[in-house]
Amino acid sequence: MDEQTRLMHSHSGVGMAGHPGLPQHMQEGTGGSDGDGRKQDIGDILQQIMTITDQSLDEAQARKHALNCHRMKPALFNVLCEIKEKTVLSIRGAQEEEPPDPQLMRLDNMLLAEGVAGPEKGGGSAAAAAAAAASGGGSGPENSTEHSDYRTKLTQIRQIYHTELEKYEQACNEFTTHVMNLLREQSRTRPISPKEIERMVNIIHRKFSSIQMQLKQSTCEAVMILRSRFLDARRKRRNFNKQATEILNEYFYSHLSNPYPSEEAKEELGKKCAITVAQVSNWFGNKRIRYKKNIGKFQEEANMYAARTAVNATNASSHGSQANSPSTPNSAGGYPSPCYQSDRRIQ
DNA sequence: ATACATGATTGAAT
DNA sequence: ATTCAATCATGTAT
């Protein structure tokens with residue numbers, strides 16, 4: 001009850017509490033028709049309204065009671081009802097049914113998909129599964145710690161999100177009941193239709209849901225940052241093992257005149273190196289551009305691989321079948337540089 | 001701590 | 001769709 005009264009006071013005093021001297025100014029400003037008793041009355045009333053916030057609650061309570069018991073009160077109420085009936089039509093037109101906000105739906109869907117908005121435990125495992133799926137299928141075993149890390153962070157976000165959401169929900173309900181009580185209280189002194197209360201509640205809910213949307217927005221952002229932090233492949237790059245690099249380099253330098261492996265060749269290389277075709281493509285893309293950019297730097301490497309393939313070829317042809325023995329790092333000495341053939345070279 | 005190496009991503013060009 | 005070129009973010013050697 002106390003809080004209701006306080007709300008009421010702040011309501012009536014809103015925007016005016018800072019101008020306690022206003023009535024006097026108005027009196028002076030209107031040209032000072034001294035003998036006019038009505039003006040004097042209005043000034044008094046205003047003065048009372050202005051100072052109402054300064055009064056103690058008991059005093060205010062007493063005044064309210066006095067107002068309610070005033071002999072003119074029923075008449076005044078009727079007048080207000082009449083005025084209301086005339087103006088209520090214009091209010092009625094102002095209500096519109098709001099369609100579900102597409103952006104809010106988008107955020108909700110995303111939070112659901114990330115397992116933030118869903119049920120507690122199930123949501124977590126679903127999110128982990130999604131993360132596992134998103135991290136790129138093939139390579140497996142050593143990222144379990146990363147995933148648990150990711151999961152704990154996601155759980156933290158979810159907890160914060162839920163507590164905040166609950167807080168907002170609670171605040172919204174509290175505020176709504178406050179306002180409804182206040183309106184009910186006020187309906188004793190002025191006419192308030194249930195529709196108006198409903199409208200007010202709707203307005204409050206809209207405000208709070210817009211706040212919730214901000215929460216959802218920032219939660220989504222946090223999840224996106226977390227995602228990129230943990231699931232961006234660049235952040236957990238691992239160099240290929242030596243063997244894979246050897247195989248790739250071997251192919252590259254033995255096809256230096258046209259270092260563009262076909263799809264099948266890429267598949268084969270990927271198989272041999274235990275990497276994906278996309279990774280093979282990446283490797284060749286990087287290798288081509290970097291080789292072209294600085295041929296001199298790669299000269300030694302080129303010589304080495306040329307020598308090795310030459311030795312392998314020699315071995316294969318003369319000694320029959322001693323196919324791949326990559327442990328012959330012949331010195332890069334006396335072999336002719338594997339210059340570009342006149343074939344399709346790197347642009 | 002620093003510079004260089006390297007795998008992945010991105011946007012433009014083809 | 002593939003490749004190039006630039007760039008990012010990390011790995012590695014000094």
Side-chain angles (χ1 to χ4, degrees), chain A residues 110 113-114 127-154 156-157 220-309 326-327 329-332 337-347:
Chain A
M110 184 182 153
E114 296 295 336
S135 81
S139 59
E142 53 90 29
N143 48 18
S144 61
T145 55
E146 298 224 356
H147 279 170
S148 75
D149 209 7
Y150 174 83
R151 207 156 41 215
T152 51
K153 288 260 162 65
L154 193 68
Q156 283 172 18
I157 290 179
C220 275
E221 277 168 27
V223 170
M224 290 312 281
I225 290 168
L226 186 69
R227 242 182 183 293
S228 69
R229 184 90 190 85
F230 279 85
L231 301 179
D232 186 351
R234 274 188 298 202
R235 294 188 183 269
K236 53 177 186 191
R237 180 178 71 78
R238 299 281 176 275
N239 291 348
F240 299 153
N241 61 42
K242 232 173 178 125
Q243 208 175 344
T245 314
E246 301 243 326
I247 292 165
L248 293 166
N249 271 318
E250 217 165 283
Y251 187 99
F252 179 79
Y253 286 111
S254 63
H255 298 74
L256 202 50
S257 57
N258 185 31
Y260 295 86
S262 65
E263 191 61 27
E264 297 86 60
K266 282 179 188 172
E267 277 172 29
E268 176 101 12
L269 286 166
K271 219 174 181 181
K272 275 203 268 188
C273 301
I275 58 178
T276 67
V277 173
Q279 285 177 304
V280 175
S281 295
N282 283 338
W283 191 90
F284 272 89
N286 283 321
K287 190 73 184 179
R288 280 192 298 263
I289 193 67
R290 282 163 184 164
Y291 182 84
K292 192 191 83 170
K293 245 181 172 170
N294 191 353
I295 296 178
K297 196 172 73 179
F298 290 92
Q299 197 64 64
E300 202 178 332
E301 192 178 66
N303 288 338
M304 192 181 83
Y305 280 100
R308 188 180 304 180
T309 51
S327 54
N330 225 331
S331 83
S337 309
C339 288
Y340 284 129
Q341 262 78 26
S342 55
D343 206 355
R344 252 161 307 176
R345 59 181 57 183
I346 301 176
Q347 295 168 350

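Chain A is the first sequence line, chain B the second, and so forth, proteins listed ahead of strands; every chain is numbered from 1.
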Point to revise | Mutual orientation of the aromatic rings belonging to A/Phe298 and A/Tyr291 [parallel < 30°, tilted 30-60°, perpendicular > 60°] | key: tilted
Check your understanding: Taking CH2 from A/Trp283 and P from B/dA5, how many angstroms apart are they, rounded to a whole number?
Key -> 15 Å
Practice item. Count the heavy atoms belonging to other residues, nucleotides or ligands that lie under 6.0 Å from CD of A/Glu301, then report whether that count exceeds 12. Key: yes
Review point. Over how many whole Å does the gap from A/Phe252 atom CZ to C/dT3 atom P extend?
Key: 13 Å
Exercise for review: Please state how far atom CG in A/Leu248 lies from atom P in B/dG7, giving the value in whole angstrom units.
Suggested key: 8 Å
Point to revise | Salt bridge flag under 4.0 Å for residues A/Lys272 and A/Glu250 | key: no
Check your understanding: In terms of the nearest nucleotide of DNA chain B, which residue is placed more toward the 5' end: A/Phe298 or A/Asn282?
Key -> A/Phe298
Practice item. Take atom CD of A/Glu246 and atom P of B/dT6, then tell me their distance rounded to the nearest Å. Key: 13 Å
Review point. In whole angstrom, what separates A/Arg288's CZ from B/dT6's P?
Key: 17 Å
Check your understanding: According to a strict under-4.0 Å criterion, is A/Lys297 in side-chain N/O contact with OP1 or OP2 of B/dC4?
Key -> no
Check your understanding: Quick one: is A/Lys287 getting a side-chain N or O under 4.0 Å of the B/dG7 phosphate, OP1 or OP2?
Key -> no
Check your understanding: How long is the line joining CD1 of A/Ile289 and C1' of C/dA6, in whole Å?
Key -> 9 Å
Exercise for review: Please work out if A/Phe240 contacts a base, only the sugar-phosphate, or nothing of the nucleic acid, heavy-atom cut-off 4.0 Å.
Suggested key: sugar-phosphate
Review point. Within the modelled atom types, does a donor on one side and an acceptor on the other bring the side chain of A/Asn239 and the base of B/dA5 under 3.5 Å apart?
Key: no
Review point. Once you round it to whole Å, what is the distance between P of B/dA5 and OH of A/Tyr291?
Key: 16 Å
Check your understanding: Among C/dT10, B/dG7, C/dC4, which is the nearest nucleotide to the side chain of A/Arg238?
Key -> C/dT10
**Study point:** Contact check, side chains of A/Phe284 and A/Pro261, non-hydrogen atoms, under 4.5 Å
**Key:** yes
Practice item. Fit a plane to each ring of A/Trp283 and A/Phe252, take the angle between them on a 0 to 90° scale, and name the class: parallel (under 30°), tilted (30 to 60°) or perpendicular (over 60°). Key: perpendicular
Check your understanding: Is there a donor on the side chain of A/Arg290 or the base of C/dT7 sitting less than 3.5 Å from an acceptor on the other?
Key -> yes
Check your understanding: Is the shortest side-chain N/O distance from A/Gln279 to OP1 or OP2 of B/dG7 below 4.0 Å?
Key -> no
**Study point:** Residue mapping more 5' on DNA chain C - nearest nucleotide basis, A/Ser281 or A/Asn286
**Key:** A/Ser281
Revision key, fill the gap. A/Asn294 CG to B/dA3 P, in whole Å, measures 19 Å
Point to revise | A/Lys266 vs C/dT3: side-chain N/O to OP1/OP2 distance below 4.0 Å | key: yes
